[in-house]
Amino acid sequence: MSSPAAVTAFVHARLFDGHHHRGEVGPVLVQDGRVVAVGDVEVPAGARVVDCAGGLLAPGFVDAHVHTVQGGLERIRCDLSEGRTREDYLAAVAAHAAAHPDEPWVLGGGWGMSAFPGGTPTAADLDTVVADRPAFLPNRDHHGAWVNSRALALAGITAATPDPPGGRIERDAAGEPTGTLHEGAMGLVTALLPRTLDTDYDRALLEGQRHLHSLGVVGWQDAIVGSYAGMDDPGPTYVRAAERGDLTGHVVGALWWDRERGAEQVASLVERRTAYTQGRFRATSVKIMQDGVAENFTAAMNAPYLDRCGHATANRGHSFVDAAALRQYVGLLAAQRFQVHVHAIGDRGVREALDAFAGLPAGADLRHHVAHLQVVDPADVPRFAALGVAANAQALWACHDDQMDELTLPFLGPERSAWQYPFGSLHASGARLVMGSDWPVSSPDPLAAIHVAVNRWDAEEGDPARPFLPEQSVALETAFAAYTSGSAWVNHRDDAGTITPGAVADLVLLDRDPFAAEPARIAEARVVSTWVDGVPVHET
């Protein structure tokens, strides 16, 4: 008969329990992967003692919308995520190309649109640092890619090439392609990319997981488990990691809804759910991308985008799935007990998603959610609570930056601009808030996102005197709850996301208590250790 596992005692901690900040409460005891006692207890003899030194002990962060394999792959390739300027990106590409002369393509990504006029880098620039072989570099939001002249030539993209369905080739005044491919136009090049080996995907997942754990993330929902933008389906990668015991995070996979197909794919999604669900990986959600992004005018809007002079254009963005068809598909997926996870950026995209959920019978507890929520018509805000649909916020985006000020605000106009990222209104209306990062679109650091949710300015480059729609901020408790118990809930982990007796011991220890400092200093906190099922997966 095996002896009981040793107790781990977290002492001298201040506590956030998943819902409330409780300050100093006494020891937190963990045994057999569960929290067994909180405060007002003696530390048993022989316990492993973790001295928290006044830092905050909280449930581990859960990222409700992330692309971990994709993020990890970019980290082991030409990683542009740390750059800020055109010069930064060109220097990084040049260094990578020089260090990897035998690679047939230069692959990677992570550039920001705000570094380039109009958000569109050119092949001519890229040719100055890599002309001997093709280059394909998606931007941070993966709704567009930067390619060089060699890639355009290999794909046969010329002035005579029509824009593909759901995509656009950036062109100059003469109609010649300039080097940026939007949305479906990326497929003209991705069809030519060399196959990524399973060993590379395995390495990417482990690097992505390591990075997330270092930021206090204990679990996540991978928002595209399917082939997309030159990436193979990461489902088999997760299965291999789960079978080997290498998957330390608790992960829900959102199976990709192929918008080129229809209801006939539901049966194959059911089959993939069964095949992929292994150990800590459960493929129980389906991701539908309803629209694009505002910066390239593909987010679905009820009213047209404006031009640079403030006049209405003829463009209202793209609904990638017909609204009537979306209602049908959501109904079919819910009938198969799938959670539905919808990408919706524009106010029309959000409304179409809510309309689809409005047709479902009540009581199924599938925990559907809509992610991003950049522009939400105020009339639709109370519908989230009324329909039981979670608001999946990427809070790091709710601030003034070049992308917002130069590529978004001028084209939305004053009224719609004031509807952006309405986290405060959603919370006040009773909506359930959950949070994620959309990494590698943006940083996966939960503390950076929580900082913006509370302050509405970016801790790294923002101006505290210029918050973005500060009336839509939320309290620190609300933001922490969204990133812990809220996101655990949306992943159907009802025994996680809190520090209460009986809860799974998925924990993060910070080096300080953000609740005890000025809100402007939230992002200064650092992760000391991360624990999954009572076992450390990251320690500084």
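Since the model is a prediction, treat every value here as computed from it, not as a measurement.
Applying the ring pair (Phe, Tyr, Trp, His ring centres under 6.0 Å) definition to pairs two or more places apart or across chains, those involving residues 482-509 are F61-Y483. Evaluation of the ring pair (Phe, Tyr, Trp, His ring centres under 6.0 Å) test over residues 504-524, restricted to residues two or more places apart or in two chains, returns F16-F515, H21-F515, F480-F515. Within the structure, the salt bridge (Lys or Arg N to Asp or Glu O under 4.0 Å) test picks out no pair touching residues 219-229 (sequence neighbours left out).
Few gaps surround CD on E471; more than 12 heavy atoms of other groups in view lie less than 6.0 Å from it. Counting non-hydrogen atoms of other residues, nucleotides and ligands closer than 6.0 Å to CD of E24 gives a total of 12 or fewer.
Using a cut-off of 4.0 Å between Lys/Arg side-chain N and Asp/Glu carboxylate O, D506 and R493 are scored as salt-bridged. For R75 and E82, the salt-bridge test fails: no basic side-chain N is under 4.0 Å from an acidic carboxylate O. Taking the charged nitrogens against the carboxylate oxygens, R272 and D233 do have a contact shorter than 4.0 Å, which makes a salt bridge. Contact check on E524 versus R521 returns a salt bridge, with a Lys/Arg side-chain nitrogen under 4.0 Å from an Asp/Glu carboxylate oxygen.
For the residue pair D63/S437, the side-chain donor-acceptor check at 3.5 Å is satisfied. Residues D88 and T85 bring a donor and an acceptor atom of their side chains to less than 3.5 Å of each other. With hydrogens and angles left out, the side-chain atoms of D79 and H96 include no donor and acceptor closer than 3.5 Å. Between the side chains of H142 and E74, at least one donor-acceptor pair of N or O atoms lies under 3.5 Å. Between the side chains of S227 and W256, no donor-acceptor pair is found at a separation under 3.5 Å. Counted by atom type alone, S285 and Q339 present one or more donor-acceptor pairs between their side chains at under 3.5 Å. A side-chain N or O of N491 and one of Q221 form a donor-acceptor pair less than 3.5 Å apart. A donor-acceptor contact closer than 3.5 angstrom is absent between the side chains of Y238 and D246. Looking at Q394 and N392, their side chains do bring a donor and an acceptor atom within 3.5 Å of each other. For the residue pair R273 / S268, no side-chain donor-acceptor distance below 3.5 Å is found, with atom types taken as modelled. Counted by atom type alone, Q374 and Y421 present one or more donor-acceptor pairs between their side chains at under 3.5 Å. When only modelled atom types and interatomic distance are considered, D445 and S443 share no side-chain donor-acceptor pair under 3.5 Å.
Under the ring-ring contact (aromatic ring centres under 6.0 Å, His included) criterion, F338 pairs with no residue at all, not counting sequence neighbours. In this view, H368 and F357 satisfy the ring-ring contact (aromatic ring centres under 6.0 Å, His included) rule, not counting sequence neighbours. With sequence neighbours left out, the ring-ring contact (aromatic ring centres under 6.0 Å, His included) criterion links W220 to no other residue. Every residue two or more places apart in sequence or in another chain that forms a salt bridge (Lys or Arg N to Asp or Glu O under 4.0 Å) with D365 is listed here: R367. Annotation: salt bridge (Lys or Arg N to Asp or Glu O under 4.0 Å) contacts of D380 (sequence neighbours excluded): R351, R383. Shown here are the salt bridge (Lys or Arg N to Asp or Glu O under 4.0 Å) partners of D463, two or more places apart in sequence or in another chain: there are none. Every residue was checked against the ring-ring contact (aromatic ring centres under 6.0 Å, His included) condition with F384, not counting sequence neighbours, and none meets it. In this view, R210 and E207 satisfy the salt bridge (Lys or Arg N to Asp or Glu O under 4.0 Å) rule, not counting sequence neighbours.
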Apply side chain to side chain donor-acceptor pair (under 3.5 Å) to the pair Q209 and T68, showing each step before the final yes or no. CA-CA 7 Å; Q209 176 174 257; T68 303; over 6 Å; no
Could you give me the CA-CA distance, side-chain angles and deciding distance for V376 and W419, then say whether side chain to side chain contact (heavy atoms under 4.5 Å, CB included) is met? CA-CA 6 Å; V376 184; W419 297 352; 5.6 Å; no
I'd like to know whether R526 forms a side chain to side chain donor-acceptor pair (under 3.5 Å) with S214, so could you lay out the CA-CA distance, the side-chain angles of the two residues, the decisive distance to 0.1 Å, and finally the verdict. CA-CA 9 Å; R526 294 292 179 266; S214 75; over 6 Å; no
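Between the side chain of D438 and the backbone N or O of V441 there is no donor-acceptor pair closer than 3.5 Å. Looking only at distances, a side-chain donor or acceptor of D458 sits under 3.5 Å from a matching main-chain atom of E460. With hydrogens and angles disregarded, a donor-acceptor distance shorter than 3.5 Å links the side chain of R140 to the backbone of G110.
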Result block: side-chain N/O donor-acceptor pairs under 3.5 angstrom for residues 34-45, not counting sequence neighbours:
residue : atom : partner : partner atom : Å
R34     : NH1  : D495    : OD2          : 3.2
R34     : NH1  : G502    : O            : 2.9
R34     : NH2  : D495    : OD2          : 3.1

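Nearest approach of R280 to T248, heavy atoms of both residues: NH1-O, 3.1 Å.
Both the sub-6.0 Å distance and the 45° axial angle are satisfied by R456 relative to the ring of F423.
Using bins of under 30°, 30° to 60° and over 60° for the plane-to-plane angle, the ring pair W531/F10 lands in the perpendicular bin.
Between H341 and H65, the ring centre distance stays below 6.0 Å. Between H211 and H538, the gap from one ring centroid to the other reaches at least 6.0 Å. If you look at F468 and W457, their ring centroids are not closer than 6.0 Å.
The distance from the CG atom of L387 to the CG atom of D355 is 9.0 Å, given to the nearest 0.5 Å. With rounding to the nearest 0.5 angstrom, the CG atom of L433 is 13.5 Å from the NE2 atom of H369.
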